[in-house]
Amino acid sequence: MKICLLFLCGLISHFVNMFFQKRDQQCYMLGYECFKASDDRRLDTDACVKVVLRNKNLGLDQYRFLLKTIVSSGLGEETYGPRNVIDGREEFPSENDAHAEMDEIMFSTLDTLFEKTGVSPSEIDILVVDVSLFSPAPSLTSRIINRYKMRDNIKSFSLSGMGCSASMVAIDMVQQLFKTYKNQFAIVVSTESIARHWYCGKEKSMMLSNCLFRNGGCSILLTNKRDLKDRCLLKLKCAVRTNIGYDDEAYGCCIQVEDPLGYQGFLLTKSLTKAAAKAFTGNLKLLLPKILPVWELLRYAISTLGKKSTKGQNLSFNLNLKSGVDHFCLHPGGRAVIDGLGKSLGLSEYDLEPTRMALYRFGNTSAGGLWYVLSYMEAKKRLKKGDKIFMVSLGAGFMCNNCVWEVMKDGLGDTRVWEDCIDEYPRKNLVNPFTEKYSWINDECLNFVRLDDLFN
């Protein structure tokens, strides 16, 4: 009897310890701030045309391709480009251009984040910076530590080469560190270097990046301090990372290379959609059982068996994601990406609105893009306590990294970077003005006209 009692007490103690240990390992978001450049950095129709026409490597065929791509990209008139591109120095960028771009994004968002949350830079225990295309020495994390005079025992990590999906990798890294270290503050800075990577060649598959990628970024403050959970905006429920780099076709579909003329750029191949679908499907197989209710999984399993056992009938069954998710925060990679994800997940235009509007207003800001989408949801007062937010990110590797957040309190409505324009959204007309102003490029008679004469 005594042995049984001791065993029972030990078992209870074990489960109690597991409960308290798990409670200390939660990942809460205290705040986040997105970057918004000054108005003189806007890449509207006329500014984009000036940049395009400066590239003397392009011919009529390339101009027509760019017109078609820009019109169908889903970007509007108010996105932002790096200073050196606006000033006409995109072909020969300097190291200072890259550092100035990163400093502006990192320091402006961090300054605001520290001010709003009341957390001091000296309190930060973990710092993660993800920038895919710029990895200087000293690192960008060291640059931040130097600027804010952070502690000498801070745990810092610099992530590179993971493209638009890097932000979710950084979040997952912090979550894993929280399992080991208690009562921590962590900062994640997600952005991308555009200044030194504007493509100046003529390969169509490499010109796509110029039409989609724009300046942007975000700084996020995370903690696992239980006594601060009432102040937090979101709680991370789960995160799943998928990397199919073992597949040669997927590995090479989104890659930084040099073209035959020696111009460096980002190559996006036709295999991108296939790789995205494969990575996304593999990720959902692991993620959905974590977020959907048991009855929905059972319904799907039974319906799938019924479909297999029924011959000669056209039956279609899909998982109802909205049984476990309230909001969908998709990577604003481009109109085709949004349409594809929306169709595969069975989402309505209301569900896709935040992603479409973030793409239209700010463009594809790479790893920082998801946070502009989240900010739109908050500015529109969509988020209520207990709501679940499904974040979907895709990036080079090829990777698909997804997660689910839970809203911690009612009343979220900070307009952040949308402050001066949220009342104008959603925009009903997303047609790019390039259609009206430059559709004449498609005129066949231009095949007999010298471009130098046409644009001078």
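Values reported hereafter were calculated over all heavy atoms of this structure, with side chains retained and with hydrogens, waters and symmetry mates removed. Numbers here are sequence positions counted from 1. Just so we're clear, the structure is a prediction, and the values are computed from it rather than from any experiment.
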Kindly say whether R143 contributes a backbone atom to a donor-acceptor pair with the side chain of N146 at under 3.5 angstrom? no
Classify the side-chain pair S167/W371 by whether it contains a donor and acceptor separated by less than 3.5 Å. yes
Flag, side chain of S271 to backbone of K274, donor-acceptor distance under 3.5 Å: no
Residues in side-chain hydrogen bond (donor to acceptor under 3.5 Å, both in side chains) with R356, at least two apart? D339, E349
With sequence neighbours left out, write down each residue that passes side-chain hydrogen bond (donor to acceptor under 3.5 Å, both in side chains) with W418, or none if nothing qualifies. none
Over 12 foreign heavy atoms within 6.0 Å of OH, Y251: no
When you measure from the side chain of N55 to the backbone of C200, do you find a donor-acceptor pair of N or O atoms at a distance under 3.5 Å? yes
Between the main-chain N or O of A195 and the side-chain N or O of E101, is there a donor-acceptor pair closer than 3.5 Å? yes
Do any N or O atoms from the side chain of R231 and from the backbone of T117 form a donor-acceptor pair under 3.5 angstrom? yes
Side chain Q184, main chain N224, donor-acceptor under 3.5 Å: no
Please confirm whether the backbone N or O of T45 pairs with a side-chain atom of E77, one donor and one acceptor, at under 3.5 Å? yes
What residues, two or more places apart in sequence or in another chain, satisfy side-chain hydrogen bond (donor to acceptor under 3.5 Å, both in side chains) together with T112? none
Carboxylate-amine/guanidinium proximity below 4.0 Å for E90 and R54: yes
Give a yes/no verdict on a cation-pi contact between R147 and F107, requiring under 6.0 Å between NZ or CZ and the six-membered ring centre and an angle within 45° of the axis. yes
Those residues that, when tested against V407, pass side-chain contact (heavy atoms from CB on, under 4.5 Å) (two or more places apart): L234, L383, D387, I389, L412
For residues 185-222, the ring pair (Phe, Tyr, Trp, His ring centres under 6.0 Å) pairs (sequence neighbours left out) are none
Residue set satisfying salt bridge (charged side-chain N to carboxylate O under 4.0 Å, His left out) with D227, at least two apart, ordered chain then number -> none
Just jot down the side-chain contact (heavy atoms from CB on, under 4.5 Å) partners of T191, sequence neighbours excluded, or say none. M102, I105, V131
Backbone N or O of D410 within a donor-acceptor pair of the K384 side chain at under 3.5 Å? no
Output all residues satisfying salt bridge (charged side-chain N to carboxylate O under 4.0 Å, His left out) with D125, sequence neighbours left out; order by chain, then residue number. R151
Where at least one partner belongs to residues 198-213, residue pairs that pass salt bridge (Lys or Arg N to Asp or Glu O under 4.0 Å), sequence neighbours excluded: D61-K204
Pairs flagged by ring pair (Phe, Tyr, Trp, His ring centres under 6.0 Å) wherever residues 393-415 is involved - sequence neighbours left out: none
Can you name the side-chain contact (heavy atoms from CB on, under 4.5 Å) partners of D87, sequence neighbours left out? R83, R89
Is atom CD of E419 surrounded by more than 12 heavy atoms (other residues, nucleotides or ligands) closer than 6.0 Å? no
Residues pairing under side chain to side chain donor-acceptor pair (under 3.5 Å) where one sits in residues 392-404, two or more places apart or in two chains, turn out to be S165-S393, S165-N401, N283-N402
With R382 as the cation and Y350 as the aromatic partner, state whether NZ or CZ is under 6.0 Å from the six-membered ring centre and within 45° of the axis. yes
Candidates K36, R361, R41, R214 - the one meeting salt bridge (charged side-chain N to carboxylate O under 4.0 Å, His left out) with E78: R361
Okay, side chain of Y372, backbone of F35: is any donor-acceptor separation there less than 3.5 Å? yes
So, the side chain of D351 versus the backbone of S348: is there a donor-acceptor pair under 3.5 Å, distance only? yes
